[in-house]
Number of protein chains: 2
Amino acid sequence: MRLTTKGRYAVTAMLDLALYGDRGPISLADISSRQDISLSYLEQLFAKLRRRELVRSIRGPGGGYRLSRPGEEIFVAEIIDAVDERVDATGCSGQSDCQDGHTCLTHHLWSDLSEQIHHFLSDISLASLVQRRDVQAVSARQRLRGESEQTIVLTAID
Amino acid sequence: MRLTTKGRYAVTAMLDLALYGDRGPISLADISSRQDISLSYLEQLFAKLRRRELVRSIRGPGGGYRLSRPGEEIFVAEIIDAVDERVDATGCSGQSDCQDGHTCLTHHLWSDLSEQIHHFLSDISLASLVQRRDVQAVSARQRLRGESEQTIVLTAID
DNA sequence: ATTTACCCGATTAATTTAGTCGGGTATGTC
DNA sequence: GACATACCCGACTAAATTAATCGGGTAAAT
């Protein structure tokens, strides 16, 4: 089953767009510093997100990324699928050839589980995440941290 | 999230015990050949299963492993927990310190997902798997294969 | 005694993930 | 049009984890 930092980073970054992207494009550098994700790694992930048309890019100064659809219409499952290839608990990627060409003893169990997970994540939209209490709280903390960092920079310049 | 071959192997091996173990202990060598899992690897997994008291071992010739409880009372989630440590989709093992000491933006989402998966797998007993059509079918094929292998061996000896 | 099969730790090989690097290209601003 | 920004892209490296091997034990049955 694939569900690692890669998928978590992707969802986090997309949620960052949903939270802060309403006033124009967000640069990966912004996401990188807010969410503590390596910039180059983000570039790799966003290449995949762009191919799946989950985000739109705007080049040049002031550019960045925007969600290609409203947050109501983007679901967590799509994001993970885009970067992780698939959410799949079987060992044979659903091919049923897990035991030298045949179905292994537990194939259907993992297949059922995968479906279960996919269904769960297909129901969660970015917009619904934005609404959540816990997301709001973390976002508020991140905004604070961002401001204090700016202060530090300004003080250092002064 | 941890759900790899390790956990799949463990569940498959335990299901093998549930399927064939009613007439006495099953050796790891038997499981190894039936399910195509490396013997030494099985030994590692069964060390963990034994520690969690999911199986009982019988040493010496004719020995092997038995389920320590009836299949009705052993659940897939326990097996995976035993070998994989935990089924957990969060990056911080539920510690909520995913972003330098604080909760990351998507922590609760992964936490919810983990609970969902765990709940799903906690409901599936070995006994219920044994009953399943698809498991019966695969098991029948494995038995056939086993017999033909024996024939080959006997022919070779002859 | 000898064979079977569990027991255990250490080590290695393979795979995957995470991250880096170095170069490009479009675009807005002065 | 020079310059800075920020996307774009492929190749490479490092780290972590998983899967598997190896070598030597020990309990028990025949």
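To find a chain, count down the sequence lines: A is the first, B the second, and so on, and within it residues start at 1. Fair warning: this is a prediction, and the values are worked out from it, not measured in the lab.
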Q) So which of B/Leu19, B/Leu17, B/Thr12 actually passes side chain to side chain contact (heavy atoms under 4.5 Å, CB included) with B/Leu15? A) B/Leu19
Q) Tell me: NZ of B/Lys48 to C1' of C/dC8, nearest whole Å? A) 13 Å
Q.
With a cut-off of less than 4.0 Å, is there a side-chain N or O of B/Arg50 near OP1 or OP2 of C/dC7?
A. yes
Q.
Distance check, rounded to the nearest 0.5 Å: B/Leu121 atom CG versus B/Ile80 atom CD1?
A. 5.0 Å
Q: Return the value, rounded to whole Å, for the distance between atom OH of A/Tyr41 and atom P of C/dT16.
A: 14 Å
Q | Distance in angstrom units between B/Glu43 CD and D/dT26 P, rounded | A | 16 Å
(Q) Over all strands shown, is B/Ser40 touching base, sugar-phosphate only, or nothing at heavy-atom distances under 4.0 angstrom? (A) base
**Q.** Whole angstrom value for the distance that separates C1' of D/dC7 from CG of A/Leu45
**A.** 15 Å
Q. What class does the angle between the rings of A/Tyr65 and A/Phe46 fall in, given that below 30° is parallel, 30 to 60° is tilted and above 60° is perpendicular?
A. tilted
Q.
In whole Å, I'd like the distance from the CG atom of B/Leu28 to the P atom of C/dA5.
A. 10 Å
Q: Provide, to the nearest angstrom, the distance between the CG atom belonging to A/Leu39 and the C1' atom belonging to D/dC8.
A: 12 Å
Q: Between D/dA20, D/dT18, D/dC8, spot the one nearest the side chain of B/Gln44, thanks.
A: D/dA20
Q: Using heavy atoms and a sub-4.0 Å distance, could you list which residues of residues 59-68 of chain A are near DNA chain C? By number, please.
A: A/Arg59, A/Gly60, A/Pro61
Q. Measuring from A/Arg50:CZ to A/Glu43:CD, what's the distance to the nearest 0.5 Å?
A. 11.5 Å
Q: Go through the steps for B/Leu28 and B/Ile31 under the test side-chain contact (heavy atoms from CB on, under 4.5 Å), then give the verdict.
A: CA-CA 5 Å; B/Leu28 293 188; B/Ile31 300 179; 4.2 Å; yes
Q: Find the distance B/Asp30:CG to C/dT4:C1' and express it as a whole number of Å.
A: 12 Å
Q | Rounded distance in Å - CZ (B/Arg51) to P (C/dC7) | A | 11 Å
Q. Side chains of B/Ser139 and B/Arg143: do they bring a donor and an acceptor to under 3.5 Å?
A. yes
Q: Answer with base, sugar-phosphate or nothing: what part of the nucleic acid does B/Tyr9 contact at a heavy-atom distance below 4.0 Å?
A: sugar-phosphate
Q) So does B/Ser57 get a side-chain nitrogen or oxygen closer than 4.0 Å to the phosphate oxygens (OP1/OP2) of C/dA5? A) no
Q. Within the structure, does a side-chain N or O atom of A/Arg8 lie under 4.0 Å from either OP1 or OP2 of C/dT17?
A. no
Q: Count the heavy atoms belonging to other residues, nucleotides or ligands that lie under 6.0 Å from CZ of A/Arg66, then report whether that count exceeds 12.
A: no
Q: Look at B/Ser27 and C/dT4 and indicate whether a side-chain polar atom (N or O) is within less than 4.0 Å of OP1 or OP2.
A: no
